[in-house]
S.K.: 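Just dropping this structure here.
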Amino acid sequence: MKNSNGMNEIFLSPYNPKDTEERIYKVWEESGFFNPDVCIKKGIVNETSPAFTIVMPPPNANGNLHAGHALFITVEDIMIRFKRMNGFKALWLPGADHAGFETQVVYEKKIEKEGRSRFGMNPDDLYKEILNFTLENKKNMEMQVRQLGASCDWSREKFTLDQDVVDKTQDTFIKMFNDGLAYRGKRAINWCYKHQTSLSEVETESTEESSTFYYFKYGPFEIGTVRPETKFGDKYVVMHPDDKRYAEYQHGQKIKLEWINGPIEATVIKDSAVDMEFGTGVMTITPWHSQVDFEIAQRHNLDMEQIIDWRGKLLPIAGEFTGMNIKDARPKIVEKLKEKGLLTRVDDKYKNVVKKCYKCNTVIEPQIKDQWFVKMTPLTKMAIESVDKGEIKFIPDNYEKIFRYWMNNPIDWNISRQIVWGISIPAWFRGEEYVASKEKPEGDGWVKDTDTFDTWFSSGQWPLMMTNYPDGADFPVYYPSDVMETGHDLIFKWVPRMVIFGLYLTGRAPFHTVYLHGLVNDAQGKKMSKSKGNVVNPLELTDKYGTDALRMALIVGNTPGTDVALQENKVKAYKNFANKLWNITRFILSSTEDFNGDKPSPLNDSDEKLIAEFNELIKDVTVDMDNYRFYLAAEKLYHYVWHTFADKIIEESKEKLKSQNKEVVQSIQYTLIHILETTLILLHPFMPFITEEIWSKLNKDKLLMVTKWPSAI
RNA sequence: GGGCGGUUAGCUCAGUUGGUAGAGCGUUCCCUUGACGUGGGAAAGGCCGUGGAUUCGAAUUCCUCACCGCCCACCA
């Protein structure tokens, strides 16, 4: 701890993060220490040291980073830096997500503004355009991740459309097909008219709406519906087998009745899916456009007919209403039924749940379509067993319940998307035949599947891809990873799929700990949204106050799983803290210019006591870090540095430093330097830039980022 | 309809295993102290949502209710 060349001039002005951060990041990156292989080569860690791996949730390469990114980068960087300083082969694997449907939607909006449309475009051209757009954004995104101080290994970065990722994703699909886990089927799917693609359950949003509920006379029955426009093909009338009110009607019984476009013959179906309490206890079904009806129809092997086409217009079965869209047709159909005396009553205060496309809010139309599905039950069973065995822990632990709920109620997963931006599904069709294969099968007439995979199908395999499953050198060392740190909203979108694919392909869960952070809200705790105009750009804050300050503001007091309000005042407060640390250094450097660097033995009793108290802090903070309580560790460090180290120890040192007794002076000089240096180490995971910068002014031969974490003993 | 979370200082939030409460910002007063005014010192401000239970003792455990928020949901 030689300090012979006196105080550095740089400390004469306040800390300036802007001048520092870019320079420091460059030093780190050029050192190569983000890569554990380099750490091994340079003797920082041993080949045999334990690994600690985090797979970064790959940010979408279709825009700027938002506050949520800043939070996750901070949390993961804290974990990685802490482990790296504790002698682990710490590996943080960065990536970029092509984000299939999401990016396609962003791009479609962009070309819409230019007066173009993706429909009618050559798919290859569209793909190339989106690719260029994404690769441009990818660079921007990577730069922003650097700005936030992420010590991730860029040499191992992957893009979700890299050739090896595409190949392996397709291999997995083919394997699942051969194992009977992926199947082709005509099933009810969620159809978005605007985007002309099917969507999975997680890509739809259910909202409660007030609708008009119509009751119609249907032969001897009264039936109810909110969707009269689907009722043209209804020729089955369903009631509960135990409903005494309708005991006189037999299953299979035919009844002639007058309906929208004339007389029809309806068949009575008894099925316990009908709720006797609801409405009249009788309903007609439209299997092509309703999930429930579809299932009833399947059980009884009933006919199904499409009423509404893929653009939302009525098909010829609608007679005089053919070609009309749903909105226009509905009131006209009701009017006609009224004229025919079939409308019995109207309830306009009815509340029902409407499913919408989560991107464009278009009402989802259930349709029957040939798609690829993943059979979920065998997979979710493995996931539950894994959690039962304690192989996966959740932070906070109440998310285990949510995870289990999801796994216990699986719905077969539609993985086909009718969009170009994604990984192509390796399948071929010839009439009713189909084959899962990358190559065209033998024989003539085979047509390639034009659909792409749901993004979650490939990103679900991300921990495997990032560790180069199955035969890359990293795989045995860094798979399974350790912590999956992601937003709590991904507990059912992404986390279960990673678990499932990990277990399915390797028999091992891809991580042992799932750490979930909350949403970053605005200063009032309200959800950020473009329409509300309350979106905070994290990079503006780092510009203004420094990355370290933003990181502290995001961490202190932010418990896992809980949403955090991002207040500019708080960021400012931690900028002040950075400056405080800066000036502490300035004072200590100027007061120890004549210190020879040796530890006086023994130390002054009072200084010995200060160090003992400080050791307690080290212990506390280390325990908090080991238990993922970063919010507490950071606050304790803040409090100690400001209110103990600066306000008490340094204030009191001023007297001691004036002492004529050389031993007293040297003892406090040593103590001040010791506490300062160790504090820099402890603070480094939280405030990496300023701590590294100060460290570099203390004549250190090694970077702080690879300096050993202190032991309190 | 089901599930989860929250309810602590004016605001935004901490409080790890139960021992009568803390942070940041804000407010009031004082200090041109030679590290820092992006500072220092001091202060005001909380029956820790309601009602009950366990305990020597509960913000902290259990139950009830109320309110707020989020998520899920195939009652046509």
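Since the model is a prediction, treat every value here as computed from it, not as a measurement. Just so it is clear: chains get the letters A, B, ... in the order the sequence lines come, proteins before strands, and each one is counted from 1.
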S.K.: When rounded to the nearest Å, what value does the distance between P atoms of A76(B) and G6(B) take?
M.R.: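 These two P atoms come out 32 Å apart once rounded.
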S.K.: Could I get a table of every N or O pair under 3.5 Å where one atom is in the protein and the other is in nucleotides 25-29 of chain B?
M.R.:
residue, atom, partner, partner atom, Å
C25(B), O2', N569(A), ND2, 2.6

S.K.: Can you find a side chain N or O atom of H643(A) that sits less than 4.0 Å from OP1 or OP2 on G24(B)?
M.R.: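 Yes, because at least one side-chain N or O of H643(A) sits under 4.0 Å from OP1 or OP2 of G24(B).
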S.K.: Answer yes or no for K654(A) and F587(A): cation-pi contact, defined as NZ/CZ to six-membered ring centre under 6.0 Å and angle to ring axis within 45°.
M.R.: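 Verdict for F587(A): a cation-pi partner in K654(A).
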S.K.: So what does N579(A) hit on the nucleic acid, given a heavy-atom distance under 4.0 Å: a base, only sugar-phosphate, or nothing?
M.R.: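 If one applies the 4.0 Å heavy-atom cut-off, N579(A) turns out to touch a base.
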S.K.: Contact class for F577(A) (heavy atom, under 4.0 Å): base, sugar-phosphate, or nothing?
M.R.: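 No contact.
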S.K.: When we call it a touch if two heavy atoms are under 4.0 Å apart, what does A523(A) touch: a base, just sugar-phosphate, or nothing?
M.R.: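 Touches sugar-phosphate only.
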S.K.: Applying a 4.0 Å non-hydrogen cut-off, can you work out what D624(A) is touching in the nucleic acid: base, sugar-phosphate, or nothing?
M.R.: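 The answer is base, as D624(A) lies within the cut-off (heavy atoms under 4.0 Å) of a base atom.
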S.K.: Considering only the P atoms, how many Å lie between G46(B) and A23(B), rounded to the nearest integer?
M.R.: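 One P to the other, the span is 15 Å.
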S.K.: Thinking salt bridges, do E616(A) and K636(A) make one under a 4.0 Å N-O criterion?
M.R.: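 No, this pair does not count.
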S.K.: Distances under 3.5 Å between protein N/O atoms and the N/O atoms of nucleotides 73-76 of chain B, please, pair by pair.
M.R.:
residue, atom, partner, partner atom, Å
C75(B), O2, D275(A), OD2, 2.6
A76(B), OP2, Y350(A), OH, 2.1
A76(B), N6, D275(A), O, 3.1
A76(B), N6, F278(A), O, 3.0
A76(B), N1, D275(A), N, 3.3

S.K.: Between G2(B) and U60(B), how far is it from one C1' atom to the other, in whole Å?
M.R.: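 Straight-line distance between the two C1' atoms is 29 Å.
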S.K.: With rounding to whole Å, what would you report as the distance between G40(B) and C36(B) at their P atoms?
M.R.: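 These two P atoms come out 12 Å apart once rounded.
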S.K.: With heavy atoms under 4.0 Å as the rule, sort K401(A) into base, sugar-phosphate or nothing.
M.R.: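 It contacts sugar-phosphate atoms only.
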S.K.: Suppose you measure atom P in U7(B) against the same atom in A14(B); what distance do you get, rounded to whole Å?
M.R.: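 Approximately 7 Å lies between the P atom of U7(B) and that of A14(B).
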S.K.: Select base, sugar-phosphate, or nothing to describe what L566(A) touches, counting heavy atoms under 4.0 Å on all strands.
M.R.: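 Counting heavy atoms under 4.0 Å across all strands, no contact is made by L566(A).
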S.K.: Quick one: label T559(A) by what it contacts on the DNA or RNA (base, sugar-phosphate, nothing), any heavy atom closer than 4.0 Å.
M.R.: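 Here T559(A) touches the backbone only, sparing every base.
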S.K.: What's the gap between U12(B) and G18(B) when it is taken at their P atoms, as a whole Å value?
M.R.: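 Pairwise P distance, U12(B) against G18(B), rounds to 30 Å.
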S.K.: For Q367(A) and I308(A), indicate whether the former's side chain and the latter's backbone hold a donor-acceptor pair under 3.5 Å.
M.R.: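 Yes, the answer is positive, given that a donor and an acceptor are paired below the 3.5 Å cut-off.
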S.K.: Expressed in angstrom and rounded to an integer, what is the separation of K580(A) atom NZ from A35(B) atom C1'?
M.R.: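 Spelled out: NZ on K580(A) to C1' on A35(B) is 8 Å.
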S.K.: Could you measure between the two P atoms, the one in U54(B) and the one in G22(B), and give it in whole Å?
M.R.: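 Each nucleotide's P atom is 29 Å from the other's.
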S.K.: By the salt bridge (charged side-chain N to carboxylate O under 4.0 Å, His left out) test, which pairs, at least two apart or in different chains, include something from residues 550-569 of chain A?
M.R.: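 Residue pairs with at least one partner in residues 550-569 of chain A: D77(A)-R551(A), K544(A)-E568(A).
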S.K.: Quick one: E652(A) CD to U33(B) P, roughly how many Å, whole number?
M.R.: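 Value for this atom pair: 20 Å.
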S.K.: When the C1' atoms of C63(B) and U20(B) are compared, how many Å lie between them, rounded to an integer?
M.R.: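 U20(B) and C63(B) have their C1' atoms separated by 24 Å.
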S.K.: Between G40(B) atom P and I649(A) atom CD1, what is the distance in whole Å?
M.R.: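 Rounded to whole Å, this separation is 15 Å.
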